[in-house]
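Have a look at the structure below before the remarks.
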Amino acid sequence: MDGRFVPNITFGAKHDRDAAQADGEPIDVHLMVVEPEHYIESFAAAGASVFTFHPEATIHVQRQLEAVKKRGMMAGLALNPATPLAHAEEVVRDLDLLLIMTVNPGLVARPTWQAPMIRSSCPRTRTTHDARFF
């Protein structure tokens, strides 16, 4: 979170590098920032395994997905509750992960939107407390 795409600010690549070194577990990064392309290199260098960003935050979504994969990470998109699935349709073949959020990003203790829970009927969907992963 960068204080621009969402009102909060949170950890950066250094935190992820330290966490990766500490326990060796995969690091799944979900960036809620404007222009996530500026962070691909630093999170890859920090050891991130998965790099997920919001399509509204960049101009060239497919270009950023390709850049993520070239750096050896899995590429994901996160859709806000009101973001149409059409934002992912054109790049679905380039995705390793699609995160459909049921709360607006950056705010805690927000009510869950019901629309994202019913807008997907993919049989491979696994539901968690606030998201659906494909």
Side-chain angles (χ1 to χ4, degrees):
M1 296 185 271
D2 63 358
R4 292 174 53 205
F5 188 74
V6 297
N8 300 334
I9 298 174
T10 192
F11 310 115
K14 181 184 182 325
H15 176 268
D16 287 348
R17 181 176 52 250
D18 294 344
Q21 290 172 352
D23 64 14
E25 293 293 320
I27 302 291
D28 185 334
V29 177
H30 171 190
L31 270 68
M32 294 180 264
V33 301
V34 175
E35 299 174 340
E37 56 269 26
H38 296 298
Y39 303 93
I40 294 170
E41 183 69 31
S42 62
F43 278 99
S49 306
V50 182
F51 187 97
T52 301
F53 62 93
H54 291 258
E56 305 93 336
T58 187
I59 295 173
H60 301 288
V61 173
Q62 196 281 331
R63 184 181 300 165
Q64 306 326 325
L65 293 170
E66 184 177 300
V68 167
K69 289 185 173 200
K70 282 184 180 177
R71 292 295 291 140
M73 297 179 288
M74 293 175 61
L77 280 184
L79 301 182
N80 292 334
T83 302
L85 286 173
H87 277 75
E89 286 177 347
E90 293 297 321
V91 296
V92 72
R93 294 189 191 279
D94 300 308
L95 293 176
D96 295 306
L97 176 140
L98 177 62
L99 170 62
I100 300 175
M101 298 184 61
T102 60
V103 295
N104 282 312
L107 302 172
V108 296
R110 304 297 297 178
T112 299
W113 283 38
Q114 294 303 310
M117 300 299 249
I118 61 174
R119 71 177 174 177
S120 172
S121 59
C122 178
R124 298 181 334 169
T125 301
R126 177 173 53 92
T127 304
T128 65
H129 74 283
D130 68 344
R132 289 181 178 232
F133 295 87
F134 294 87

Exercise for the section: Taking only Lys NZ, Arg NE, NH1 and NH2, and the carboxylate oxygens of Asp or Glu, determine whether D96 and K69 approach each other closer than 4.0 Å. Expected result: yes
Practice task
Could you tell me whether the side chain of V29 reaches within less than 4.5 Å of the side chain of Y39, counting heavy atoms only?
Solution key: no
Handout entry: Heavy-atom side-chain proximity of V61 to H87 below 4.5 angstrom
Key = no
Look up atom [atom1] in [X] and atom [atom2] in [Y], then write down how far apart they are to the nearest 0.5 Å.
X: F53; Y: H30; atom1: CZ; atom2: NE2; result: 10.5 Å
X: H38; Y: Q64; atom1: NE2; atom2: CD; result: 8.5 Å
X: M73; Y: D28; atom1: CE; atom2: CG; result: 11.0 Å
X: H54; Y: M32; atom1: NE2; atom2: CE; result: 5.5 Å
X: F43; Y: R71; atom1: CZ; atom2: CZ; result: 13.0 Å

Problem - Co-membership, hydrophobic cluster, residues L95 and L31, 4.5 Å side-chain - result: yes
Closest approach of [X] to [Y] (non-hydrogen atoms, all atoms of both residues):
X: V68; Y: M74; value: CG1-O, 3.5 Å
X: A75; Y: L65; value: CB-CD2, 3.7 Å
X: V33; Y: A57; value: O-CB, 3.0 Å
X: L77; Y: T52; value: C-CG2, 3.6 Å
X: A78; Y: E56; value: O-OE1, 4.4 Å
X: T58; Y: P36; value: CB-CD, 3.9 Å

Practice task
Inspect the surroundings of CD in E90 and state if more than 12 heavy atoms from other residues, nucleotides or ligands are less than 6.0 Å away.
Solution key: no
Practice task
Apply side chain to side chain contact (heavy atoms under 4.5 Å, CB included) to the pair L85 and I100, showing each step before the final yes or no.
Solution key: CA-CA 9 Å; L85 286 173; I100 300 175; 3.9 Å; yes
